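Ligands are counted one by one from 1 in listed order, and the atoms in each one are counted from 1 as well. All values derive from a computational prediction rather than experimental measurement.
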Amino acid sequence: MRGRFSRRENMGRQMGNSMAAGSHQDTIYANPLAQLQGFTFDSKVAAVFPDMIKRSVPGYGTIISMTGNLAERYARAGSSCYDLGCSLGASTLAMRHRIQAADCGIIGVDNSPAMIQRCRQVIEADSGEVPVQLVCADLENIAIARASVVVMNFTLQFIAPQRRPALLARIYAGLNPGGMLILSEKVAFAEPQHQQLMTELHHNFKRANGYSELEIAQKRSALEDVLVPDTLEAHRDRLAAAGFGSCDVWFQCLNFASLIAIK
Ligand code: GEK
């Protein structure tokens, strides 16, 4: 008898299960903290990360599954796909289960030892066949070469603004002609009224996902000066300056957007 799910759907279900395994509800900012430290990707964050990002980023699931979809189209035989700021490997797994190109591997990079340690467990528990190499390093220091796809899902926003142009130039140089950069970010708005509206709607989204006023306020303070969003215009200008001939926004929900840029 044929199963209820296709092979691809089953893979997606396995991916979801392995990502969720060992993950807990995010209560990091649920109680008043006497000394609010700047946000870091430590073991406490890694332990609740799937819950945290799903309840904080509108459209996260869509962006992750489309990352797999785009990788299927753009990954080329004999090339590498990079997941920069891979956290627990959500984008890596989405690509792993869609890439059809022969002799194509994924390199996941994150500078948080706690994230990489958990990510290794997730990848080991996953049945995908595309080779995955995980590197615990600063993505600003790793070599990027023979890439057909580079993914930066919600990571550039944590890189110091003055270093972003050089990073994008290095990604451009490491991509093969025709290769794709997928860049997803929290975005800012030049118009103050629009910025205010999007911030309030985003907080509504978090409230609807069970975060309290205290959690929203404390997380916001912790991210101040740690997550620095750019406007979509700044992203477009920087991608063009790095050399990307074409760039477009394929997804936006409130103050979260995803762009694709092709070399
Ligand atoms: C996902 N892409 O699930 N070098 C390497 N890693 C870094 C650096 C750096 N310089 N700075 C930050 N990171 C993932 C989500 S989370 C986004 C990405 C978020 C890493 C950091 O350790 C963290 O794991 C990740 O980038 C950002 O789609 O939490 O909003």
Side-chain angles (χ1 to χ4, degrees), residues 15-16 18-20 23 26 28-29 38-71 81-96 106-120 122-123 126 132-144 149-164 166-168 170-171 181-187 202 205-206 211 219-220 222-230 251 254-259:
M15 270 168 51
S18 54
M19 283 298 296
S23 169
D26 170 24
I28 290 176
Y29 295 102
F39 188 84
T40 53
F41 292 96
D42 57 15
S43 57
K44 274 196 229 153
V45 169
V48 299
F49 190 71
D51 180 67
M52 173 185 276
I53 197 153
K54 194 176 72 195
R55 289 163 68 210
S56 305
V57 176
Y60 177 72
T62 303
I63 289 171
I64 295 301
S65 70
M66 271 305 292
T67 296
N69 221 306
L70 288 164
C81 298
Y82 289 78
D83 181 5
L84 303 180
C86 61
S87 299
L88 302 191
S91 306
T92 291
L93 287 188
M95 292 196 280
R96 190 184 208 192
I106 303 169
I107 300 168
V109 182
D110 205 291
N111 66 352
S112 156
M115 287 289 191
I116 286 288
Q117 193 192 340
R118 278 184 174 262
C119 189
R120 276 194 210 294
V122 169
I123 300 299
D126 170 71
V132 174
Q133 184 194 344
L134 294 177
V135 184
C136 188
D138 191 318
L139 60 88
E140 292 186 84
N141 297 332
I142 57 132
I144 299 171
V149 178
V150 175
V151 176
M152 265 203 295
N153 280 340
F154 310 107
T155 301
L156 187 64
Q157 60 199 19
F158 293 106
I159 303 296
Q162 70 276 14
R163 296 207 299 271
R164 294 176 189 178
L167 173 60
L168 285 179
R170 241 165 29 77
I171 291 172
L181 168 66
I182 302 169
L183 176 63
S184 308
E185 290 272 287
K186 183 174 191 180
V187 293
H202 178 223
F205 172 86
K206 294 184 80 162
Y211 283 118
K219 175 88 178 280
R220 190 181 189 184
L223 282 172
E224 193 91 36
D225 300 329
V226 175
L227 189 171
V228 183
D230 285 314
F251 179 90
L254 311 180
N255 45 353
F256 291 83
S258 187
L259 298 102

**Message:** Tell me every residue that passes ring pair (Phe, Tyr, Trp, His ring centres under 6.0 Å) with Phe256, counting only those two or more places apart in sequence or in another chain.
**Reply:** His202
**Message:** Below the 3.5 angstrom mark, is there an N/O of Asp83, backbone or side chain, next to an N/O of ligand 1?
**Reply:** no
**Request:** Please say whether Asp110 places an N or O atom under 3.5 Å from an N or O atom belonging to ligand 1.
**Result:** yes
Using a strict cut-off of 4.0 Å, indicate which atoms of ligand 1 neighbour a heavy atom of [X].
{"X": "Ile64", "value": "28 (O)"}
{"X": "Ala137", "value": "4 (N), 5 (C)"}
{"X": "Ile159", "value": "10 (N)"}
{"X": "Met115", "value": "24 (O)"}
{"X": "Ser91", "value": "28 (O)"}
{"X": "Ser112", "value": "22 (O)"}
{"X": "Leu139", "value": "4 (N), 5 (C), 6 (N), 9 (C)"}
{"X": "Gln157", "value": "30 (O)"}

**Prompt:** Counting heavy atoms only, which of Phe49, Phe256, Tyr60 is nearest atom 3 (O) of ligand 1?
**Reply:** Tyr60
Reported [atom1]-to-[atom2] distance for the pair [X] and [Y], which is rounded to 0.5 angstrom:
{"X": "Gln117", "Y": "Asp110", "atom1": "CD", "atom2": "CG", "answer": "12.5 Å"}
{"X": "Gln157", "Y": "Ser184", "atom1": "CD", "atom2": "OG", "answer": "9.5 Å"}
{"X": "Cys119", "Y": "Leu88", "atom1": "SG", "atom2": "CG", "answer": "6.5 Å"}
{"X": "Ile116", "Y": "Ser87", "atom1": "CD1", "atom2": "OG", "answer": "8.5 Å"}
{"X": "Arg164", "Y": "Leu167", "atom1": "CZ", "atom2": "CG", "answer": "9.5 Å"}

**Asked** How does Phe41 reach ligand 1, by side chain, by backbone, by both or by neither, if only non-hydrogen atoms under 4.0 Å count?
**Response** side chain
**Asked** With no hydrogens and no angle check, is any side-chain donor or acceptor of Glu185 less than 3.5 Å from a backbone partner on Asp230?
**Response** no
**Prompt:** So, is the end of the Lys219 side chain (NZ or CZ) under 6.0 Å from the ring centre of Tyr29 and within 45° of the ring's axis?
**Reply:** no
